Amino acid sequence: MTNDSSIRLGLCCIFRDQPIRFRNTTVKSISSMERDAALSKLAGLCLANAEALLASLEFCADNGISCFRINSQILPLKTHADCGYDVLDLPDGVEIVRRFKACGEYARDHALRTCFHPDQFVVLNSPRPEVVDRSIAELEYQAEVAEWVGADVVNIHGGGAYGDKPDALARFAQTLKRLSDRARNRLTVENDDTTYTPSDLLPLCQSEGIPLVYDVHHHRCNQDDLSVEEATAAAISTWNRRPMFHLSSPIEGWKGPKPQRHHDFIDVQDFPDCWRGLSLTIEVEAKAKEVAVLRLKKQLTERGFV
DNA sequence: AGCGGTCAAGTTGAT
DNA sequence: ATCAACTTGACCGCT
């Protein structure tokens with residue numbers, strides 16, 4: 001069984017070939033409707049997304065994919081200033097929650113890990129208070145769904161530098177105090193490809209007890225004084241549970257014009273040798289989605305890496 | 001039914 | 001100054 005092996009692979013959010021699709025809508029559409037009609041529409045989307053999530057988890061369990069990242073719009077427009085809503089105010093709100101909790105039971109029964117990755121608009125260290133407020137609201141929403149489905153990771157980036165990284169990271173640490181326990185206990189931070197390297201983030205991780213999601217592709221694009229081996233070891237030490245790492249390959253090779261962009265598939269050469277034999281969850285960030293995860297899994301198996 | 005323009009949000013860096 | 005990039009195409013109004 002693949003779930004017994006030490007390297008476990010994760011799929012990010014969507015499928016290329018499988019007929020599993022998540023629904024969404026637009027502010028323009030919801031705003032144009034009467035409130036009751038809008039809430040009915042949103043409820044339908046939430047119910048459909050809970051079903052799509054269960055289908056996603058079933059595919060992962062059936063194909064030896066051990067982790068699934070849940071997209072940020074799983075409850076569409078949940079935190080929008082005008083269109084936002086409490087789930088229990090939706091028609092079928094109780095049923096929506098019940099279906100997400102059923103996803104959590106399925107994941108637990110099949111040893112599947114789940115996680116969230118709030119997108120670039122979540123910036124805990126912004127100097128703009130309204131940006132921080134919206135970011136906290138988004139984290140609290142994703143943490144609520146994470147609790148229903150048993151996701152143990154809500155992963156974000158360090159945010160902006162604003163010309164002074166230490167100052168910006170100090171603001172990040174201050175903002176953590178405003179999070180609920182359920183958001184704070186799931187929060188992780190990831191090195192990015194333009195601003196924060198593993199070296200930048202590790203002191204924050206250590207002082208605040210936040211695990212570092214080590215993205216080796218970002219690290220290769222945005223280097224610091226640490227080798228891949230050193231960053232790997234340091235990142236692992238920040239985790240009180242199975243570490244989660246990210247892996248991707250450059251779209252046109254490392255000598256191409258934009259190596260930070262992701263390829264459809266993973267070049268197995270980009271899989272760090274030093275990860276071999278470690279107990280890790282590796283989220284595969286590749287545009288071919290489940291097809292790429294399964295291809296990498298096969299290649300790693302052939303090489304005896306898993 | 002099919003087509004094409006549009007889509008909540010932040011920040012950085014390339015052009 | 002504009003815009004692409006970031007985990008990803010999907011939605012919706014028009015014909």
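Computed from a prediction, not measured in an experiment: that's the story for all the values here. The sequence lines fix the lettering, A, B, ..., with proteins before strands; numbering per chain opens at 1. Both backbone and side-chain heavy atoms feed into the values below; hydrogens, waters and symmetry mates do not.
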Original post:
Only one of A:Val149, A:Asn155, A:Leu139, A:Thr188 forms a side-chain contact (heavy atoms from CB on, under 4.5 Å) with A:Phe116, so which one is it?
Top reply: A:Val149
Original post:
Using the P atom in both, what is the distance from C:dA4 to B:dG5, to the nearest Å?
Top reply: 15 Å
Original post:
Are the side chain of A:Lys78 and the backbone of A:Tyr85 linked by a donor-acceptor contact shorter than 3.5 Å?
Top reply: yes
Original post:
Do A:Val284 and A:Leu11 have side-chain heavy atoms sitting under 4.5 Å apart?
Top reply: no
Original post:
Atom NE2 of A:His117 and atom P of C:dT8: how far apart are they, to the nearest Å?
Top reply: 10 Å
Original post:
What is the nucleic acid contact for A:Cys13, judged by heavy atoms within less than 4.0 Å: base, sugar-phosphate only, or nothing?
Top reply: base
**OP:** Using the P atom as the reference point in each nucleotide, state the distance between C:dC12 and C:dT8 in Å, no decimals.
**Re:** 22 Å
Subject >> Rounded interatomic separation in angstrom, taking CG from A:Asp215 and P from C:dT7 >> reply: 8 Å
Original post:
Which residues pass the side-chain hydrogen bond (donor to acceptor under 3.5 Å, both in side chains) test with A:Lys287, sequence neighbours left out?
Top reply: none
Original post:
A:Arg16 CZ to C:dA10 P: how many Å, rounded?
Top reply: 13 Å
Subject >> Ion pair A:Asp152/A:Arg241, N-O distance below 4.0 Å >> reply: yes
**OP:** Could you verify whether a donor N or O on one side chain and an acceptor N or O on the other, from A:Thr197 and A:Asn191, lie under 3.5 Å apart?
**Re:** no
**OP:** With side chain to side chain donor-acceptor pair (under 3.5 Å) as the test, would you mind laying out the steps for A:Asp225 and A:Ser199 before giving the verdict?
**Re:** CA-CA 7 Å; A:Asp225 55 323; A:Ser199 275; 2.4 Å; yes
**OP:** Check the distance between C:dA5's P and A:His157's NE2 and give it to me in whole angstrom.
**Re:** 16 Å
Subject >> Any donor-acceptor N/O pair, A:Arg303 side chain to A:Gln299 backbone, under 3.5 Å >> reply: yes
**OP:** Looking at every strand, decide which applies to A:His217 at a 4.0 Å heavy-atom threshold: base, sugar-phosphate, or nothing.
**Re:** nothing
Original post:
Salt bridge check: are A:Glu138 and A:Arg134 linked by an N-O gap of less than 4.0 Å?
Top reply: no
Original post:
Under a 3.5 Å cutoff on both atom distances, Watson-Crick or G-U, what's the dot-bracket for DNA chain C ([ ] crossing, | other strand)?
Top reply: ||||||..|||||||
**OP:** Enumerate the residues from residues 119-139 of chain A whose closest heavy atom to DNA chain C is under 4.0 Å, giving them by residue number; use none for an empty result.
**Re:** A:Asp119, A:Gln120
**OP:** Answer with base, sugar-phosphate or nothing: what part of the nucleic acid does A:Ala81 contact at a heavy-atom distance below 4.0 Å?
**Re:** nothing
Original post:
Is it true that a side-chain atom of A:Arg220 and a backbone atom of A:Asp270 form a donor plus acceptor pair closer than 3.5 Å?
Top reply: yes
Original post:
So, do A:Val132 and A:Val123 sit near enough that their side-chain heavy atoms are less than 4.5 Å apart?
Top reply: no
**OP:** Shoot me the first and last contacting nucleotide of DNA chain B against chain A, ordered 5' to 3', at under 4.0 angstrom to non-hydrogen atoms.
**Re:** B:dA8 to B:dG13
**OP:** Measure centre to centre between the rings of A:His117 and A:His157, then say whether the value is under 6.0 Å.
**Re:** yes
**OP:** Using heavy atoms and a sub-4.0 Å distance, could you list which residues of residues 281-292 of chain A are near DNA chain C? By number, please.
**Re:** A:Glu285, A:Lys287, A:Lys289
**OP:** Grab the CG-C1' distance between A:Asn71 and C:dC11 for me, whole Å please.
**Re:** 14 Å
Original post:
Which residue, A:Phe22 or A:Cys12, contacts DNA chain C at a nucleotide closer to its 5' end, judged by nearest heavy atom?
Top reply: A:Cys12
Original post:
Will you find, in the side chains of A:His217 and A:Glu285, an N or O donor that is under 3.5 Å from an N or O acceptor?
Top reply: no
Subject >> Rounded distance in Å - CG (A:Leu77) to C1' (C:dA10) >> reply: 13 Å
**OP:** Answer yes if the side chains of A:Thr281 and A:Arg113 hold a donor-acceptor pair under 3.5 Å, and no otherwise.
**Re:** yes
**OP:** Could you label the plane-to-plane angle of the A:Tyr214 and A:His219 rings as parallel, tilted or perpendicular, counting under 30° as parallel and over 60° as perpendicular?
**Re:** perpendicular
Original post:
Can you check the A:Phe68 CZ to C:dT8 P distance for me, whole Å?
Top reply: 14 Å
Subject >> Nearest-Å distance once atom P is located in both C:dT7 and B:dT6 >> reply: 26 Å
Subject >> A:Asp215 and A:Asp192, any side-chain heavy atoms less than 4.5 Å apart >> reply: no
Original post:
Using the ring of each side chain (for Trp, its six-membered ring), is A:Tyr106 parallel, tilted or perpendicular to A:His110, with breaks at 30° and 60°?
Top reply: parallel
Original post:
Looking only at atom C1', what distance separates C:dA10 and B:dT11, rounded to whole Å?
Top reply: 25 Å
Protein and nucleotides 12-15 of chain C: nitrogen or oxygen contacts under 3.5 angstrom:
residue, atom, partner, partner atom, Å
C:dC12, OP1, A:Thr25, OG1, 2.4
C:dC12, OP1, A:Ser29, OG, 3.3
C:dC12, OP1, A:Lys41, NZ, 2.7
C:dC12, OP2, A:Lys41, NZ, 3.2

Original post:
Just checking A:His262: base, sugar-phosphate only, or nothing, at a heavy-atom cut-off of under 4.0 Å?
Top reply: sugar-phosphate
